[in-house]
Amino acid sequence: MLEGCVPWPPELAEHYRKAGYWHGETFDELLRRRARDRSDHPAVVDAANRITYADLGAAAGRLAAGLSGLDLSPGDRVVVQLPNVATFLTVFFALQRIGAVAVLALPLHRRNEIVHLCRQSGAVAYVIPDEHAGFDYRELAAQVRDDVPGLRHVVVDGAPGPFIDLTDLDAAPGRDHGGAAPSDVAVMLVSGGTTGLPKLIPRTHDDYLYNIRASAELCGLGPDDVYLAALPVSHNFALACPGVLGALHAGATAVLTNAVAPDEVFDVIARERVTVTALVPPTARMWAEATEWSGSDLSSLRLLQVGGARLLPEHARLVGRAFGPVLQQVFGMAEGLLNFTEPDAPEGVVLHTQGRPLSPGDEIRIVDEDDADVSPGELGHLLTRGPYTLRGYYRAPEHNAVSFTEDGYYRTGDLVRMTPTGHLVVEGRVKEQINRGGDKIAAVELEEHLLTHPAVADAAVVAVPDDLLGERTCAFVIAASGSPPIGRSEAAVFLRDRGVAPYKIPDRVEVVDAFPVTRVGKTDKRALAAMVASPVAKAR
Ligand code: J2J
């Protein structure tokens with residue numbers, strides 16, 4: 001495994017192989033296999049393209065050859081920041097052919113996140129669109145390149161500006177790229193984060209392909225399915241649970257869209273006869289409401305996955321009334337562990353739980369503050385390890401020491417209880433993170449940014465309940481002496497100028513004289529949240 005990663009202990013790795021979780025295949029081998037046995041079947045569809053498996057395999061091979069011409073080698077990290085376009089998959093599989101590692105940034109990441117991801121991963125190249133959703137990624141890339149001298153190449157899908165045109169990297173495949181071993185890292189995902197800056201999650205071919213295969217099997221994905229990625233494909237959920245990669249694994253069709261308005265997405269579902277898709281709770285609710293006025297034929301949809309944040313039972317019911325019995329709750333994490341309600345689960349399970357661990361190899365512990373197991377059915381901290389859950393973040397030994405137990409369990413930071421049927425109910429979390437409708441914001445990261453403002457003496461960021469998004473972000477600040485208090489719009493401009501992703505900008509800024517403290521003298525974030533939660537609750 002790449003230096004800087006924490007491997008599974010050898011005896012456990014051996015067990016995962018023997019038990020049949022790890023098949024010893026790489027992503028490149030998977031695509032080559034599918035390009036042969038599903039050659040003429042549509043693999044990827046986006047707003048402008050319809051690509052067969054044979055063509056996807058050939059395009060990935062040519063791009064791999066072009067990228068090798070840039071001196072990209074096995075193990076090199078490449079930050080990929082592409083929206084939901086077919087090129088995402090061509091780039092992904094080209095990197096897999098070389099044996100390079102795709103570091104997947106979200107389309108909404110900005111300078112602050114991208115510089116960090118490039119530095120932390122030691123990236124040699126960065127792949128972007130020219131423009132997307134009104135944002136010019138070439139301007140971002142120019143800033144990133146100034147800050148990250150190790151970044152040798154910027155490759156652009158579209159008008160390249162001063163950078164390399166992706167279409168110019170179309171070369172004749174010929175030389176052997178070296179490739180990867182199944183135990184090598186294939187992908188790095190970005191963690192939601194609980195501390196200063198997001199952490200990188202290394203996923204190997206073995207573990208990620210198992211994640212994908214097991215998810216696809218549980219969802220009954222077959223060659224006739226059509227999977228729609230309406231969430232960003234750079235996020236674990238729409239990528240691999242089962243996601244677009246699960247669709248390709250099953251020999252099915254992956255449809256990628258950037259549309260957000262329900263009527264636009266509904267048109268895609270009707271046109272492509274989409275059978276499976278994944279959403280976060282606010283979007284699921286919006287779609288359910290939109291079915292009341294939309295005339296689109298959505299009858300092809302047989303599985304609607306909802307996850308990323310807690311889905312309230314009343315919203316689960318709303319989804320059921322709008323789409324029929326197609327709902328599946330998913331409680332997942334880019335770090336690994338996935339929980340699904342089974343497609344044939346009783347209604348009570350689908351409405352009230354966030355699902356059951358995917359694999360018999362998933363080890364779950366629900367523990368108290370002292371890491372002692374709680375009684376069955378009691379609420380506690382969720383710890384987990386297993387054949388597709390990381391053993392450590394990339395190049396983060398200090399963080400790993402607190403995020404994992406000595407015997408390798410990942411501390412999810414989630415508070416859960418288990419029902420007698422083995423399903424988990426997510427009741428809350430202990431990690432200092434705001435879950436804004438599925439977008440994760442680390443409180444500490446935002447506080448550190450705010451503290452750099454000259455008018456801010458101290459900052460504390462908390463989640464406040466929100467009817468639509470579940471939670472929104474509220475930043476409490478104490479003004480520096482002699483400075484006028486900072487308002488929300490000023491904070492927003494300041495953070496944007498620092499290159500912070502737009503979804504991390506606080507929804508609310510409250511100026512206070514002092515923070516309430518707990519008995520041990522720490523800022524009492526619960527008391528702060530209560531200060532703003534009550535007027536919001538009253539207003540509803
Ligand atoms: C409550 N909280 C949830 C749920 C995730 C599938 C689905 C989601 C993610 C994801 C993912 C939740 N109810 N149903 O990667 O493959 C919160 C938990 C969890 C954190 C992980 C997937 N589903 N969560 O959301 O890495 O707090 O992955 O630990 O972005 O989201 O966030 P992330």
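Whatever order the structure lists them in is the order used to number ligands and atoms, beginning at 1. Model, not experiment: these values are computed from the prediction.
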Run the side chain to side chain donor-acceptor pair (under 3.5 Å) test on D207 and Y21 for me, step by step, so that the C-alpha distance in whole Å, both residues' side-chain angles and the decisive distance to 0.1 Å come before the verdict.
CA-CA 8 Å; D207 96 75; Y21 304 133; over 6 Å; no
Where ligand 1 meets L338 - atom numbers and elements under 4.0 angstrom, heavy-atom basis
16 (O)
Can you pull out the closest protein heavy atom to atom 23 (N) of ligand 1? Residue, atom name and distance to 0.1 Å, please.
G308 N, 3.1 Å
Does any N or O of ligand 1 fall below 3.5 Å from an N or O anywhere on V330, backbone included?
yes
Atom 5 (C) of ligand 1 [closest protein heavy-atom partner, distance rounded to 0.1 Å]
G332 O, 3.3 Å
Note: D46 and A86 closest approach over all heavy atoms is OD2-N, 2.8 Å
Would you tell me whether Y388 and D362 have side-chain atoms, one donor and one acceptor, within less than 3.5 Å of each other?
yes
Would you mind telling me if ligand 1 is within reach of the side chain of A309, the backbone, both or neither, using heavy atoms under 4.0 Å?
backbone
Would one find an N or O of N236, backbone or side chain, under 3.5 Å from an N or O of ligand 1?
yes
Could you establish whether Q305 and ligand 1 come within less than 4.0 Å of each other, counting only heavy atoms on the residue side?
no
Number the atoms of ligand 1 from 1 as they appear, then name those within less than 4.0 Å of a heavy atom of Q354, with their elements.
13 (N), 14 (N)
Count the heavy atoms of every other residue, nucleotide or ligand shown that sit under 6.0 Å from CD of E347, and state whether that count exceeds 12.
no
Using distance alone, determine whether K431 and ligand 1 share an N or O pair under 3.5 Å.
yes
Under the rule for ring-ring contact (aromatic ring centres under 6.0 Å, His included), what residues qualify as partners of H423, not counting sequence neighbours?
none
Exactly one of R310, K431, K440 should register a salt bridge (Lys or Arg N to Asp or Glu O under 4.0 Å) with D414. Which one does?
K431
Ligand 1 to C241, heavy atom cutoff 4.0 Å, flagged ligand atoms 16 (O)
Could you tell me which residues satisfy salt bridge (Lys or Arg N to Asp or Glu O under 4.0 Å) with D373, sequence neighbours excluded, listed by chain and number?
R365
Note: ligand 1 atoms sitting under 4.0 Å from heavy atoms of H235 are 9 (C), 10 (C), 11 (C), 15 (O), 28 (O), 30 (O), 33 (P)
Closest heavy-atom pair, R285 versus L468, reported as atoms and distance to 0.1 Å, is NH1-CA, 3.9 Å
Taking only non-hydrogen atoms of G192, do any sit less than 4.0 angstrom from ligand 1?
no
Would you say the side chains of H23 and R213 form a donor-acceptor pair under 3.5 Å?
yes
Report yes or no: does K440 have a heavy atom closer than 4.0 Å to ligand 1?
yes
Checking a contact table here: which protein heavy atom is nearest atom 26 (O) of ligand 1, and how many Å away?
A334 N, 2.9 Å
Nearest-contact summary for atom 27 (O) of ligand 1 - protein heavy atom, Å:
D414 OD1, 2.6 Å
Sub-3.5 Å donor-acceptor pair from the side chain of K525 to the main-chain atoms of T523, do we have one?
no
